[in-house]
Amino acid sequence: MKKDDLKSLVTQLCNDLIDNIDAQEHPTKDQVAEYLQDSALTIQSIHEDDMDTVEHAKEAFTNAYKIIAEQGISSYQETSDKFLDLTEQHQANLEEYKKSSLVDIQTITEKFDEIHKHMTHEIEKANGVINSLQDKIKDLEENSQLDPLTKVFNRRALNSYVNQVCEKGEIKHEMHFLILDIDDFKNINDTYGHVAGDKVLIFLANLLKKTLRDGDKIFRYGGEEFVIILNRIDHDSCLNISERVLKLVSSNKLIYKGTTLQVTVSIGTTQYHNGDTMEDLIERADKALYRSKSNGKNQMNVEKK
C-alpha cells in the first residue's frame, strides 16, 4: 500500500466518523468505540504489498458507521459534548499525521486506544450519575406515601395514620373505617387486560376524591381494595355516605376502547373504639366486607365491636 493511500484512508475515516457523530443527537460510547476499534484493527491488518486492501477497508468502515447512523441513540447530553471534544482531538491528531513525511500505524493505533479510554471514562462518570439517580428514585418510592397509579394515599400512609390514632388510645370524635373492594375485578383484567384494570382503579379513586370531604382520607390498601377513613361523623352519616358511594360507582359508566365497563364495589365498615389497634379495625371491616360479597356484592355491611 502506498503511503498516500493510507493517509487518504485515515483522513476519510476520520471525516466519516465526525460527520456521523455530528448527525446524532446523543452518540453512545459503544457505537463510537466500536467504530474506532474496527478502524485500528483494520489498519493493523493492512499489508504493504496488498494494493486492494484500501477498498476493502473502506467497505468495512462504511458498514461500521452506518450502524451509528441507523440505530436509535440515547445518552446524556453532557457525555455527548465530551465525545465531540474527543473527536476534535482525534481530528487534530490526524492533521498532524497529514503533515508528517511518515505514517506510523503503531502511533495511530495508540491514539485510537487513548481516545477510547477517554470515552470509557466519561461513560463511567455518566453511569455513576445514572446509578445515583436510580438510588434516589428508589428511596423516594420507598418513602412515598402516595400510590403512583391512583394518586391517593398508599398502604404505608394508612399504617402511619391509623397507628398514630391508635397510639393516642382515646379520641373525642367518631372515626369510621371502610374497606372497598371492586367486584369481579379479576374478570375485568382477564377479559379486557390489565390496562383496563388500571383504568378502573383510577376511575374509582377519582370518583372517591370528588365525592368525599376534604377531611376524609382515601388509601389504596392493595390490589383492588381501598380504605376510607371518615372523621367526625356519626354512624347514620357513615351509612349514608357508603350508600352514596355505591350508587355513584354503579351509575357512572367507564368507556374503555368503545366498550362500557360496568363497575360496582362492595363495602365493609366499622367504627373505631378507644383501645382498638390497626389489626382490630381491619379484622372487623373485613368481616363486614365478606358479608357484602357473600350476599350478592354491590352493597355495604357493618361490623360492630
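Both Leu201 and Val152 are part of a single hydrophobic cluster, where members link through side-chain heavy atoms under 4.5 Å apart. In terms of hydrophobic clustering, with Ile, Leu, Val, Met, Phe, Trp and Tyr side chains grouped at heavy-atom distances under 4.5 Å, Met278 and Leu178 are assigned to different clusters. The hydrophobic clustering, which links ILVMFWY residues whose side-chain heavy atoms are closer than 4.5 Å, places Leu230 and Val165 apart. By the criterion of side-chain heavy atoms lying less than 4.5 angstrom apart, applied directly or through intervening Ile, Leu, Val, Met, Phe, Trp or Tyr residues, Tyr272 is grouped together with Val227 in one hydrophobic cluster. The hydrophobic clustering, which links ILVMFWY residues whose side-chain heavy atoms are closer than 4.5 Å, places Ile218 and Phe203 together.
Formation of a donor-acceptor pair under 3.5 Å by the Asp216 side chain with backbone atoms of Leu212 is not found in this model. In this structure, Thr270 contributes its side chain and Glu303 its backbone to a donor-acceptor pair below 3.5 Å. In terms of modelled atom types and a separation under 3.5 Å, the side chain of Ser292 and the main chain of Asn301 share a donor-acceptor contact. Ser242 places a side-chain N or O within donor-acceptor distance of the main-chain N or O of Cys238, the cut-off being under 3.5 Å. Between the Asp184 side chain and the Asn187 main chain, no donor and acceptor come within less than 3.5 Å of each other. Judged by distance alone, the side chain of Arg244 and the main-chain N or O of Lys247 form no donor-acceptor pair under 3.5 Å.
From Ile228, atom CD1 reaches atom CD1 of Ile267 across 6.5 Å, with rounding to the nearest 0.5 Å. Between the CD atom of Glu279 and the OG1 atom of Thr277 there is a distance of 4.5 Å, given to the nearest 0.5 Å. Between atom CG of residue Leu254 and atom OG1 of residue Thr259 there is a gap of 10.5 Å, rounded to the nearest 0.5 Å. To the nearest 0.5 Å, atom CG of residue Leu158 and atom CZ of residue Phe153 are 10.5 Å apart. We find the CD-CD1 distance between Glu174 and Ile233 to be 9.0 Å, quoted to the nearest 0.5 Å. Rounded to the nearest 0.5 Å, atoms CE (Met300) and CD1 (Ile241) are 10.5 Å apart.
At most 12 heavy atoms of other shown residues, nucleotides or ligands fall within 6.0 angstrom of atom NZ in Lys210. Shown here is Lys186, whose NZ atom has no more than 12 heavy atoms of other residues, nucleotides or ligands within 6.0 Å. In the displayed structure, Tyr290 atom OH is contacted under 6.0 Å by at most 12 heavy atoms of other residues, nucleotides or ligands.
Under the side chain to side chain contact (heavy atoms under 4.5 Å, CB included) test applied with Val263, the options Asn252, Leu207, Val249 reduce to a single match, Val249. When each of Ile182, Asn189, Ile188 is checked for a side chain to side chain contact (heavy atoms under 4.5 Å, CB included) with Glu224, only Ile182 meets the rule.
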> Would Arg284 and Asp276 count as a salt bridge (Lys or Arg N to Asp or Glu O under 4.0 Å) if you check the C-alpha gap in whole Å, the side-chain angles of each, and the deciding distance to 0.1 Å?
Replying inline: CA-CA 11 Å; Arg284 294 202 301 270; Asp276 273 343; 2.7 Å; yes
>> I'd like to know whether Val302 forms a side chain to side chain contact (heavy atoms under 4.5 Å, CB included) with His235, so could you lay out the CA-CA distance, the side-chain angles of the two residues, the decisive distance to 0.1 Å, and finally the verdict.
In response: CA-CA 10 Å; Val302 179; His235 178 71; 4.0 Å; yes
> Does the side chain to side chain contact (heavy atoms under 4.5 Å, CB included) test come out yes or no for Met175 and Asn231, once each step is laid out?
Replying inline: CA-CA 5 Å; Met175 185 183 85; Asn231 281 304; 3.4 Å; yes
> Stepwise, does the side chain to side chain contact (heavy atoms under 4.5 Å, CB included) test hold for Leu180 with Tyr221?
Replying inline: CA-CA 9 Å; Leu180 287 75; Tyr221 185 57; over 6 Å; no
>> I'd like to know whether Phe177 forms a side chain to side chain contact (heavy atoms under 4.5 Å, CB included) with Ile229, so could you lay out the CA-CA distance, the side-chain angles of the two residues, the decisive distance to 0.1 Å, and finally the verdict.
In response: CA-CA 5 Å; Phe177 188 95; Ile229 293 180; 4.2 Å; yes
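A heavy-atom distance below 4.5 Å is not found between the side chains of Leu261 and Ile255.
Between Lys297 and Ser266, the closest heavy-atom pair is CA-OG, 3.3 Å. The minimum heavy-atom distance between Asp183 and Asn298, with the atom names listed, is OD2-N, 3.0 Å.
Look at Glu225 and Arg220 and you find no salt bridge, because none of the NZ, NE, NH1 or NH2 atoms lies under 4.0 Å from a carboxylate O.
Side chains of His273 and Gln271: a donor-acceptor N/O pair is absent below 3.5 angstrom, by distance only. Between the side chains of Asn240 and Ser237, not a single donor N or O lies within less than 3.5 Å of an accepting N or O.
Not counting sequence neighbours, the partners of Asp181 by the salt bridge (charged side-chain N to carboxylate O under 4.0 Å, His left out) test are Lys293.
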